[in-house]
Number of protein chains: 2
Amino acid sequence: MKNTIHVERAIRRITQADLAAAVGVSRQTINALEAAKYVPSVVLAMKIANYFEKPVEAIFELGEED
Amino acid sequence: MKNTIHVERAIRRITQADLAAAVGVSRQTINALEAAKYVPSVVLAMKIANYFEKPVEAIFELGEED
DNA sequence: CTTAAATGTAAAGTTTGTTTTACATTTGAA
DNA sequence: TTCAAATGTAAAACAAACTTTACATTTAAG
């Protein structure tokens, strides 16, 4: 599981804390997601995708591990 | 969080056990998902969406609760 | 250079996803 | 109607998501 949260965030010049607040999780959760430390729930993934106005698949990608 | 797994499965006349095997989870997990007993990980959601050859958003929908 | 904001990280704890086993009920085909 | 396959459900156990607190490091603006 890979994701482009870091990139999307950089494009919009948004802070981890801002995104966290926008989607209703802690800043550490966003930080851990960017570091690919774990896989989010679909709900969180969809909230993040919605926030960036992109489909889930544009931000999250299945890897070999999965 | 709502989903149309039951419908997609009915269309393809696929069994819960078949889908479970195809995406690598237990049959009970599929059953519980159809009953909306819990929210899957994005990985599982994407595997299911891939299996049905549809985008995640076509199968999973955020609800008020989320 | 200094300082504040942003980021990385870590440990402990809570909650929730997922598995396993097991059994009861429904459904559909013979 | 009968029997097997499919589904519903439930409890215990385990794994993984997510929170909170707390601190160290990096980055950027003044």
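Residue numbers start from 1 in every chain, and the chains themselves are labelled A, B, ... in the order their sequence lines are given, proteins ahead of strands. Just so it is clear, the structure is predicted and the values come from calculations on it, not from any experiment.
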Check your understanding: How would nucleotides 13-30 of chain C be written as a contact map, 5' to 3', with B for base contact, S for sugar-phosphate-only contact and - for no contact, using protein heavy atoms under 4.0 Å?
Key -> ----SBBBBB--------
Grab the [atom1]-[atom2] distance between [X] and [N] for me, whole Å please.
X: A:Leu19; N: C:dA5; atom1: CG; atom2: C1'; value: 17 Å
X: B:Gln16; N: D:dT7; atom1: CD; atom2: P; value: 5 Å
X: A:His6; N: C:dG8; atom1: NE2; atom2: C1'; value: 12 Å
X: B:Asn31; N: D:dA5; atom1: CG; atom2: P; value: 19 Å
X: A:Ile48; N: D:dA17; atom1: CD1; atom2: P; value: 13 Å
X: A:Ile30; N: D:dC18; atom1: CD1; atom2: P; value: 9 Å
X: B:Asp18; N: D:dA5; atom1: CG; atom2: C1'; value: 11 Å

Review point. A:Ala36 and A:Met1: which non-hydrogen atoms are nearest, and at how many Å?
Key: CB-O, 4.3 Å
Review point. What residue among B:Leu19, B:Ile5, B:Val25 forms side-chain contact (heavy atoms from CB on, under 4.5 Å) with B:Leu33?
Key: B:Ile5
Point to revise | Those residues that, when tested against A:Glu53, pass salt bridge (charged side-chain N to carboxylate O under 4.0 Å, His left out) (two or more places apart) | key: A:Arg12
Practice item. Using salt bridge (charged side-chain N to carboxylate O under 4.0 Å, His left out) as the criterion, list what pairs up with B:Glu34, not counting sequence neighbours. Key: B:Arg9
Review point. Do B:Met46 and A:Phe60 come within less than 4.5 Å of each other through their side chains, counting heavy atoms only?
Key: yes
Exercise for review: Start with the C-alpha gap between B:Asn3 and B:Glu61, add the side-chain angles, then the distance that decides, and say whether side chain to side chain contact (heavy atoms under 4.5 Å, CB included) holds.
Suggested key: CA-CA 6 Å; B:Asn3 73 72; B:Glu61 192 181 355; over 6 Å; no
Check your understanding: Within the structure shown, what part of the strands sits under 4.0 Å from B:Arg9 by heavy-atom distance: base, sugar-phosphate, or nothing?
Key -> sugar-phosphate
